Amino acid sequence: MSSARRRGQDGEPHGLQAAPEGMKGTKDGFEVAVRLSNPLDRAVHYIADVRGLIFDPATKRLRVLMSDQGFELVPGAVAVEPRFASVDPQSEAVATIGLPKTIVKLAETPSPPGDVLFEEHDIADAEAVDVEIGWADTPYYVDPREKSRGAAPVSAWEQHTVHVTVTPPGATKKRS
Amino acid sequence: MTVFIQNDATGAGTGTLDANQGAVDLAIVANGDTGLGLAAAVGNRQQVTYARTDPGTPPTRLDTLVNTNFNPDYGLGAGPQAVPIVILPVLANFVRSDGALVTTFGGTALPPSNSGLAGAGLNTTTDCLVIYDTSQSNGSGYCTARAGTGGTLDLQTPNPVILYHELSHALRTATNAMLPLTAGCNPSSPEEAAAITDENDMRTQLAAATGTTAVLRDTGNHCGGTCSGGSSGNCCIVASVASGSPLSEEVVSLRRVRDGLIRKSEVGFAFFDVLHRDYYAFSPQVCTLLARRQELRPLVLEGFVRPLVVILSAIEEFALRIADAAVLGRRFVADHPDREVAVTRLGMLRRARDVLGGAVAGLPEDQRELAGLVAPALRSEHLLWAIVEPVRLYGSALELHLDGGDPQEVGEHLRAGIEAWAPRMPVDAVWASLTAAEVRSELGLLEHTLLRSRQASANFRGRLTRKYRVTAIDGLVDERTT
């Protein structure tokens with residue numbers, strides 16, 4: 001993939017654009033809607049699943065990662081590949097992104113012997129939701145070449161990441 | 001004295017951990033052995049106890065885990081250290097410290113933070129943490145590659161199987177015997193292949209308990225997905241829509257040719273990269289059209305997809321199994337046992353030829369719309385060579401067959417057609433980037449498969465030489481030609 005194909009003269013990737021559409025509570029958590037616009041004359045394909053969530057309690061920003069960039073390599077039961085969706089040429093689509101009510105993780109601070117400390121964060125506390133969506137202008141395929149054995153297939157497929165920030169309802173009020 | 005279940009999550013709300021489910025899953029791993037028990041809680045943990053009576057493989061493994069004091073030396077200066085294994089039965093809202101949702105991996109075994117092993121940086125304890133999603137990805141289920149299917153991701157992975165898979169990782173962590181990990185899931189890394197091998201013992205035990213035949217997971221494939229399916233966005237969209245399923249015989253066949261033959265070499269990969277871009281410049285739009293205009297599906301299926309599958313299969317026979325004309329002819333005739341169906345297909349092929357030819361004047365509206373979408377294909381050298389020309393060859397062979405040509409004649413027609421078509425393959429710039437050894441290897445592969453005849457080989461080498469006359473490979477090709 002040439003850098004010229006990846007980026008325009010201004011250094012920004014040309015292609016899929018994202019705009020906030022809204023965020024609302026649901027029975028199971030929250031639903032974020034993002035309007036995706038494809039100005040290209042070919043379809044673009046994007047990761048349609050949430051792959052990661054990072055909440056920063058200091059800034060109250062939630063990162064919603066629909067991208068496989070930046071994750072560590074660890075043993076796991078299943079390397080779950082994401083679902084993909086596409087936006088037709090010169091068209092728009094709305095991606096709806098389901099989020100849980102809370103996220104739970106191991107605490108940043110070391111746990112005392114004999115216990116494991118956790119952190120739990122309410123998504124409702126987020127004052128901004130930064131959505132990052134990995135996409136490419138060809139569908140996802142694995143690379144069957146011998147030399148690619150062991151490479152992370154989805155993150156290698158992603159040509160670009162589109163970013164959009166969604167402001168949760170009531171976030172302005174929370175800040176004031 | 002080594003395995004514990006964490007039953008409460010300090011710092012998080014009640015219900016964060018599903019300790020009851022963890023105990024149930026462990027009991028299933030023990031095959032219902034009544035020797036399994038839980039000691040009284042100490043702090044937020046309950047120690048697992050096991051006086052085993054069941055001789056099965058998973059119970060024996062669990063016995064080892066529960067009744068061994070693991071004291072590995074990870075070689076980082078701390079010397080031998082006790083490594084308890086702590087099971088955290090979490091729900092689908094659990095994220096690792098790097099942000100990865102548990103639904104993207106189903107479960108993990110994080111090595112002690114001071115072990116230096118893969119994943120240790122995500123652990124805040126000196127225990128080995130076995131974390132797994134008891135919610136089955138919020139009820140969607142985790143589906144993995146069923147053995148013997150070439151990667152079909154339809155094998156359910158129940159909680160005890162996930163837990164046992166992670167306990168396999170935990171055992172190697174606790175004995176400092178972890179095998180190499182790789183980011184790719186197909187083929188599996190050695191560490192994951194070992195865990196899947198163990199996991200299959202658990203699948204076998206579960207099947208025996210229910211009186212069914214065990215269906216095993218492909219140890220060479222660690223990929224998976226949620227069982228609720230959804231769009232894969234992958235190969236052959238036109239074929240998927242026209243043939244009704246991404247798992248249809250036609251799609252599986254095209255995928256096999258793509259990944260098993262074309263894309264394994266550098267030249268094939270580069271070729272497919274261009275083909276891929278050209279194809280997906282119009283294919284999604286064709287999909288949308290087919291969804292809207294169902295009446296076009298028979299035309300696409302019979303006039304394009306099935307002919308392509310048959311002719312690519314013949315090319316595969318010719319290239320990989322060195323089939324001669326007699327074999328090609330017999331196969332082709334056998335593929336068309338019903339004359340009426342073959343006549344119908346020939347009619348569809350002719351209509352499809354009109355669509356591909358852009359002769360829209362006499363076409364009905366839906367076919368004119370299709371013609372407008374596929375027109376870009378006619379400007380792509382790669383699509384012409386890889387799809388349009390083979391389908392034309394198929395059409396001429398079918399005509400010959402229906403005109404009374406015997407299998408030998410049809411086979412000769414196919415062989416000659418393939419030998420004339422093969423050396424016209426697009427010569428991509430990747431040839432100029434290869435080392436002399438790589439050029440030799442790629443040419444050797446082609447000359448043992450598609451370019452077996454002296455004439456086909458000479459034609460292709462001639463094109464290669466002319467296109468890259470000023471490059472370093474010029475001399476090499478000349479040398480090989482003489």
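All figures in this text were calculated on a predicted structure; none of them were measured in a lab. In the text below, chain A, chain B and the rest are named by the order of the sequence lines, each starting its count at 1.
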Would B/Arg96 pass as a cation-pi partner of B/Phe105, given that its NZ or CZ must be under 6.0 Å from the six-membered ring centre and within 45 degrees of the axis?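 Ring-cation test returns yes.
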
Taking all non-hydrogen atoms of both residues, which atom of [X] and which atom of [Y] are closest, and how far apart?
{"X": "A/Leu73", "Y": "B/Thr182", "answer": "CD1-O, 3.5 Å"}
{"X": "A/Gly15", "Y": "A/Pro39", "answer": "O-CD, 3.2 Å"}
{"X": "B/Asn186", "Y": "B/Gly220", "answer": "OD1-O, 3.5 Å"}

Any Lys/Arg nitrogen of B/Asp127 or B/Arg45 sitting under 4.0 Å from an Asp/Glu carboxylate oxygen of the other?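 Answer for the salt bridge query: yes.
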
Can B/Asp198 and B/Arg172 be counted as an ion pair, charged N to O under 4.0 angstrom?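 Yes.
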
Select one option (side chain, backbone, both, neither) describing which atoms of [X] are under 4.5 Å from chain B's heavy atoms.
{"X": "A/Glu119", "result": "backbone"}
{"X": "A/Asp88", "result": "side chain"}
{"X": "A/Ser91", "result": "neither"}
{"X": "A/Pro89", "result": "side chain"}

With a 4.5 Å heavy-atom cut-off (strictly below), which parts of residues 54-71 of chain A touch chain B? List them by number. A/Ile54, A/Phe71

Anything in residues 93-104 of chain A with a heavy-atom distance to chain B below 4.5 Å? Please list those residues in order.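 Within residues 93-104 of chain A, the residues that come under 4.5 Å of chain B (heavy atoms only) are A/Pro100, A/Thr102, A/Ile103, A/Val104.
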
Aromatic centroids of A/Trp157 and A/Phe84 separated by under 6.0 Å: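 Yes, close enough.
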
Below 4.5 Å, heavy-atom pairs only: which of B/Pro180, B/Gly107, B/Ser189 has the largest tally toward chain A?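 Greatest number of close heavy-atom pairs with chain A: B/Gly107.
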
Residue among B/His222, B/Glu199, B/Glu192 with most heavy-atom pairs under 4.5 Å to chain A: B/His222

Would you check, one step at a time, whether the test side-chain hydrogen bond (donor to acceptor under 3.5 Å, both in side chains) holds for B/Asn114 with B/Gln81? CA-CA 10 Å; B/Asn114 60 351; B/Gln81 63 183 81; 3.0 Å; yes

Quick one: side-chain hydrogen bond (donor to acceptor under 3.5 Å, both in side chains) pairs with a partner in residues 15-28 of chain A, sequence neighbours left out?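 Every side-chain hydrogen bond (donor to acceptor under 3.5 Å, both in side chains) pair that includes a residue of residues 15-28 of chain A, provided the two are not neighbours, is A/Glu21-A/Arg35.
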
Tell me the residues of residues 128-136 of chain B whose non-hydrogen atoms fall below 4.5 Å from those of chain A, in number order. B/Leu129

